[in-house]
Amino acid sequence: MTSSLIRGRPRRARAHISARVLHALLGALVGVAWLVLPGTASGGAASGGPHRPVAGALGQREDRGTHTADLVLPMIAVAAAGVLASYGFWRRRRRTTGRTTPGGTPVTTGEPPDEELDERARDALVHADGWVRVSGEELAFAEARFEAETQDGTEAGAPKEFEDVRRAVREAGTELAAAFHIRWQYEHGVPEEGASRRHALAGIVGRCEEAGRLLDVRAAALDTLRGLEEGLGAALAVAEGRFRGLTARTGGADAALAELAERYAPTASAPVVGNVEQAKDRLVFATTRLNLARQAADAGDVGRAASRLRAAEGAIAQAGVLIDGVERLREDLAAAAGLVPAALTGAETEIAGARQALDGRPSAHPDITPGELRARTGHADVVLAGVRQELASGRPYDPLGLLRRIVRAVTPVAAGRAGVLPAAAALCVRAAVAGADDVVATHRAVVGCGARTRLAEARRRAGTENLEDMVAADELAEEARDLADQDIRLNGHPPEPSPDQAAAFLGGLLPHPPSYGGPRTSDRRREVDEPR
């Protein structure tokens, strides 16, 4: 691939300069020749040459007149050469303005500034993340249709072509994850050199484009597998079935939220407060689009029906994320509450081992000075004492919050003596990553690149078994959640809210929804539906 750093560079500049100089010299030589030749001819005649005899005073006057006339054309030639040389010099000066050459002259290279490249990379990441998420949603609905038909005995199961589509989504996700990791390194000064940093931004854009291309290639295959052009009956039945199931689950989610508020501290259920209301808003949006899809299908307008069905599926998928988030948090809090006592015991074991190292025994942290190790153990003791006091108070507490405090305080002195700490850290990071991902998935119209980059890095580090990496992943996921909430507060106001779209706007649920695919195919169903 041709580097973007060399595009727009003027080529054969030296050749152009040489040509202009040669033209100027030729013009000057012609002028000099015309000046010299008439004088030479006049001199020869005055000396009594054979071609022009002298004829007295009258002949001398005629000779002087002829000599003056001969000077006119050479003077014009010299003036023309000067004008051409000046014009070439002026063009050269204008072209070189604004650029920097080795001699220090400003030069215009045609390269966009770093700020523009940075903005382009951030936009590419946001768009590619949306393509991958939406493609995964539609693929899930397509697979659900074949699963339902398999249970009814009308199909033998999902065709093997589904694997090609699944592979495209996985590979696009891999490209996107690599692009996010480059972005994370870029934000932390890697690479350091200016040209390399510009190449890093170009690499981000290139990987995002590749993710989109992979999805575009399989878009037609998924359309064939869905068979929407042949009729929406089966697809509508699947969407309506999921809609009814989620509607029934909203009551249970409401009850779960009330239970969490009664059993735990307010901070425990804070991540999912409002989830049920948002899910209901999306279900209202979904039922409207499902009705419109059936009307269009009955009228034979398959294209418009498919567009409306996709809008309903997107709303249903997001409603499922919101309700799943409430149920998942209830399970995570129950698991954390059961793990807190064991985590306290394991933390005490780690602290005791660190103190033994201070007494002269072999240390698991040879790179840490005794003073630093003593400070870390002292801090861990203070944190554990606060956790015990909160447990003994009898007041409702946040189990995940306590578990997180234990893990973060003891990790700097941990040496793997207590196996319960990695399990506690894994539970914390899993809950944090899932919660942040839910916010991005259900508010993707307004969440920017910063939150998505930190979420991607948290997901990458969460896959390791290293305790420090898991703690870092947990912190990054919380930071991603905070940035996403900030984006929602700043940008989460629909321009013209309608009763069924006021909250759905935050999730990017529009009458013209994107579908499976990348930049070339994700909007293929938007053009067939009318604006509302």
Heavy-atom side-chain proximity of Tyr516 to Thr521 below 4.5 angstrom
no
Can you give me the closest heavy-atom contact between Pro514 and Val134, atom names plus distance?
O-CG1, 3.7 Å
Counterpart residues, side-chain contact (heavy atoms from CB on, under 4.5 Å), relative to Glu240 (two or more places apart)
Arg244, Leu290, Arg294
Do side-chain atoms of Ser522 reach the backbone of Ser515 as a donor and acceptor pair under 3.5 angstrom?
no
Indicate every side-chain donor-acceptor pair of residues 117-124 with a distance under 3.5 Å to a residue at least two apart or in another chain.
from   : atom 1 : to     : atom 2 : distance (Å)
Asp118 : OD1    : Arg183 : NH1    : 2.5
Asp118 : OD1    : Arg183 : NH2    : 3.1
Asp118 : OD2    : Arg122 : NE     : 3.3
Asp118 : OD2    : Arg122 : NH2    : 3.4
Glu119 : OE1    : Arg122 : NH1    : 3.0
Glu119 : OE1    : Arg122 : NH2    : 2.8
Arg120 : NH2    : Glu116 : OE2    : 3.1

Which residues pass the salt bridge (charged side-chain N to carboxylate O under 4.0 Å, His left out) test with Asp398, not counting sequence neighbours?
none
Leu455 side chain near Arg452 side chain, heavy-atom distance below 4.5 Å:
no
Are Arg282 and Thr442 side-chain neighbours, meaning at least one heavy-atom pair lies under 4.5 Å?
yes
Whether Asp216 and Arg213 form a salt bridge (side-chain N of Lys/Arg under 4.0 Å from carboxylate O of Asp/Glu) is what I want to check.
no
Which value, rounded to the nearest 0.5 Å, describes the distance between Gln318 atom CD and Leu283 atom CG?
11.0 Å
Does Asp485 come within less than 4.0 Å of Arg481, counting only side-chain N to carboxylate O?
yes
Taking the side chain as every heavy atom from C-beta outward, state whether Val383 and Val410 have any atom pair closer than 4.5 Å.
no
Arg133/Asp437 ion pair, N-O < 4.0 Å:
yes
Taking side chain as C-beta onward, heavy atoms only, is Leu309 less than 4.5 Å from Phe141?
no
Over all heavy atoms of both residues, which pair between Ala319 and Ala279 is shortest? Give the atoms and the distance, please.
CB-O, 3.9 Å
Would you say the side chains of His443 and Gln278 form a donor-acceptor pair under 3.5 Å?
yes
With a 3.5 Å distance limit and no angle check, can you tell me whether Ser307 reaches the backbone of Arg304 through a side-chain donor-acceptor pair?
no
Is any side-chain N of the basic residue among Arg310 and Glu137 closer than 4.0 Å to the acidic one's carboxylate O?
yes
Taking side chain to side chain donor-acceptor pair (under 3.5 Å) as the test, write out the residues that go with Arg249, two or more places apart.
Asp324, Glu327
In terms of heavy-atom contacts, does CD of Glu163 have more than 12 from other residues, nucleotides or ligands at under 6.0 Å?
yes
Given side chains that start at C-beta, do those of Val440 and Asp129 come closer than 4.5 Å, heavy atoms only?
yes
Note: Asp474-Arg408 ion pair, threshold 4.0 Å (strictly below)
yes
Apply salt bridge (Lys or Arg N to Asp or Glu O under 4.0 Å) to the pair Glu457 and Arg454, showing each step before the final yes or no.
CA-CA 5 Å; Glu457 183 64 16; Arg454 282 149 185 80; over 6 Å; no
Heavy-atom distance under 4.5 Å between the side chains of Val446 and Leu490, does that happen here?
no
Name all pairs fulfilling the ring pair (Phe, Tyr, Trp, His ring centres under 6.0 Å) condition that reach into residues 164-198, sequence neighbours left out, sorted by first residue then second.
Trp184-His188
Between Asp438 and Arg328, is any pair of side-chain heavy atoms under 4.5 Å apart?
yes
Under 3.5 Å, side-chain donor or acceptor atoms of residues 253-264 against the rest of the protein: list the pairs with distances, not counting sequence neighbours.
from   : atom 1 : to     : atom 2 : distance (Å)
Asp254 : OD2    : Lys280 : NZ     : 3.4
Glu259 : OE2    : Arg263 : NH2    : 3.3

